[in-house]
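As structure tokens, the structure follows; a few thoughts come after it.
Please read these numbers as outputs of a predicted model, since none were measured by experiment. Reckoned from all heavy atoms, side chains included, excluding hydrogens, waters and symmetry mates.
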Amino acid sequence: MNSNFPLLLELENLDGGKKIFFASDFHLGTPNEKSSLEREKLIVKWLEDIKSQASHIFLLGDIFDFWFEYKHCIPKGFHLFKAKITELREAGIPIYFFTGNHDMWMFDYFPKEYGIPVLRKNQILKVADKKLLIGHGDGLGPGDRFYKFLKAFFANKICQFLFEWIHPNLGMALGKFWSGRSRLANSKNDESFHEEDERLLHYCINTLKKNQFDYFVFGHRHLPLDLKISDESRYINLGEWVNHFTFATFDGIEMELKSYAGKNDLIIRKDFSQR
């Protein structure tokens, strides 16, 4: 069936028992420098652990809690993370970044310096006979009109141009202040699952009416979810790395949602296929 989504990558298979890895919502930089550095070390350890297994790595947005690239400078810090992705790229592992609502102002730094594409919209990934729709997930589904307005405003080229003319010291301070008001920065977890409020779930169900996908893989929700939404389709939400430390693997046939901290009992699994 035809799809309006762009095709990012098509693979015939995964060689040698390799897997594709997905993670999102590291939110590096929040809530403070000390705790962010500890989380960065954990993420680097995870990347080292998966290095020998990874065919591709997809990081689906909100990698940083705030990011803005000025023409001649970028946010300081995150050296360990950047050194590790440099190592992985030099080892020949393709890495893809998706922008989220906290780091939508990534531009050409990572493509030029690291050879890592930065993607802003949902993309299709095909592996053998399986088709995946992947993205960050913010602004999808019904409702939340105010956020959708804000997202369009911040994505506007004129808005970005004007912000670039703010001195970096002030611009970064404003960005960190805005990010500091998020639910993660204030230790507010969206750990309660309410079907009627799950916008991404409804987005996946509605998308299936027009396009068939075996897997939907998103971030943004901050709640690790593995939901069967039809006999042939599942919606995976990757959770986050402030509380859950969750990621997904795909071996070309099956998707598995895991916790790097061993908290797999916190992953919500439900069956909506018969509804």
Side-chain angles (χ1 to χ4, degrees), residues 22-33 35-40 42-43 57-70 73-78 80-82 85 95-111 114 116-123 134-141 144 146-157 159-160 162-164 166 168 170-190 199-200 217-224 237-247:
F22 302 89
S24 73
D25 295 87
F26 294 158
H27 285 275
L28 290 171
T30 194
N32 55 59
E33 184 175 340
S35 61
S36 175
L37 180 58
E38 290 304 310
R39 187 163 66 260
E40 184 178 0
L42 182 67
I43 292 165
I57 298 173
F58 293 88
L59 301 181
L60 301 188
D62 285 359
I63 302 164
F64 306 99
D65 200 58
F66 175 73
W67 184 274
F68 186 88
E69 292 175 23
Y70 288 87
C73 63
I74 60 168
K76 69 178 183 179
F78 318 118
L80 297 177
F81 174 71
K82 289 186 284 188
I85 61 173
I95 301 174
Y96 297 83
F97 282 2
F98 282 67
T99 57
N101 49 304
H102 281 254
D103 51 15
M104 68 170 63
W105 287 346
M106 286 195 289
F107 301 121
D108 62 359
Y109 172 72
F110 286 101
Y114 301 92
I116 296 176
V118 173
L119 304 161
R120 303 182 183 281
K121 297 181 180 180
N122 293 348
Q123 304 279 328
I134 62 177
H136 183 62
D138 60 313
L140 300 180
D144 208 7
F146 180 66
Y147 170 72
K148 291 175 182 178
F149 167 78
L150 284 180
K151 180 179 179 180
F153 176 77
F154 287 125
N156 183 274
K157 296 293 185 182
C159 174
Q160 295 170 5
L162 292 175
F163 191 91
E164 187 176 6
I166 299 175
L170 178 58
M172 293 300 175
L174 289 172
K176 290 180 180 180
F177 172 78
W178 170 71
S179 294
R181 298 171 64 87
S182 70
R183 59 189 187 272
L184 271 180
N186 291 282
S187 299
K188 296 176 182 178
N189 305 326
D190 279 345
R199 296 187 180 95
L200 276 170
V217 185
F218 294 112
H220 184 62
R221 175 62 178 89
H222 296 170
L223 184 65
N237 195 282
L238 298 169
E240 41 80 8
W241 279 69
V242 176
N243 301 291
H244 293 105
F245 315 101
T246 39
F247 65 98

State, to 0.1 Å, how close [X] and [Y] come at their nearest heavy-atom pair, and which atoms those are.
{"X": "Pro117", "Y": "Ile95", "answer": "CD-O, 3.3 Å"}
{"X": "Phe247", "Y": "Ala23", "answer": "CB-CB, 4.2 Å"}
{"X": "Phe64", "Y": "Met106", "answer": "CE1-SD, 4.2 Å"}

Donor-acceptor contact present, side-chain [X] to main-chain [Y], <3.5 Å:
{"X": "Ser36", "Y": "Leu28", "answer": "no"}
{"X": "Asn237", "Y": "Gly219", "answer": "yes"}
{"X": "Asp62", "Y": "His102", "answer": "yes"}
{"X": "Glu40", "Y": "Phe81", "answer": "yes"}
{"X": "Arg39", "Y": "Thr30", "answer": "yes"}

- In Å and rounded to the nearest 0.5 Å, what is the OG1 to CG distance from Thr246 to Leu223? 8.5 Å
- Message: By the definition side-chain contact (heavy atoms from CB on, under 4.5 Å), identify the one residue from Leu60, Leu59, Asp103 that meets it with Phe97.
- Response: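 Result: among Leu60, Leu59, Asp103, Leu59 is the only option passing the side-chain contact (heavy atoms from CB on, under 4.5 Å) with Phe97.
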Is any side-chain heavy atom of [X] closer than 4.5 Å to a side-chain heavy atom of [Y]?
{"X": "Leu80", "Y": "Leu37", "value": "yes"}
{"X": "Tyr96", "Y": "Gln123", "value": "no"}
{"X": "Phe218", "Y": "Leu140", "value": "yes"}

- Task: With sequence neighbours left out, write down each residue that passes ring-ring contact (aromatic ring centres under 6.0 Å, His included) with Phe26, or none if nothing qualifies.
- Result: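 Counting only residues at least two positions away or on another chain, Phe26 forms a ring-ring contact (aromatic ring centres under 6.0 Å, His included) with Trp241.
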- Task: Could I get the full list of ring-ring contact (aromatic ring centres under 6.0 Å, His included) partners for Tyr114, not counting sequence neighbours?
- Result: Tyr109, Phe110
- Message: Taking salt bridge (charged side-chain N to carboxylate O under 4.0 Å, His left out) as the definition, give me every residue that meets it alongside Glu33, ordered by chain and number, with sequence neighbours left out.
- Response: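 Salt bridge (charged side-chain N to carboxylate O under 4.0 Å, His left out) list for Glu33, sorted by chain: empty.
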- Between His220 and His136, what is the ring plane arrangement, given parallel below 30°, perpendicular above 60°, and tilted in between?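 Taking His136 first and then His220, their aromatic rings stand perpendicular (interplane angle over 60°).
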- Task: Give the C-alpha distance, both sets of side-chain angles, the deciding distance and a yes or no for side-chain contact (heavy atoms from CB on, under 4.5 Å) between Ile134 and Phe98.
- Result: CA-CA 9 Å; Ile134 62 177; Phe98 282 67; 3.8 Å; yes
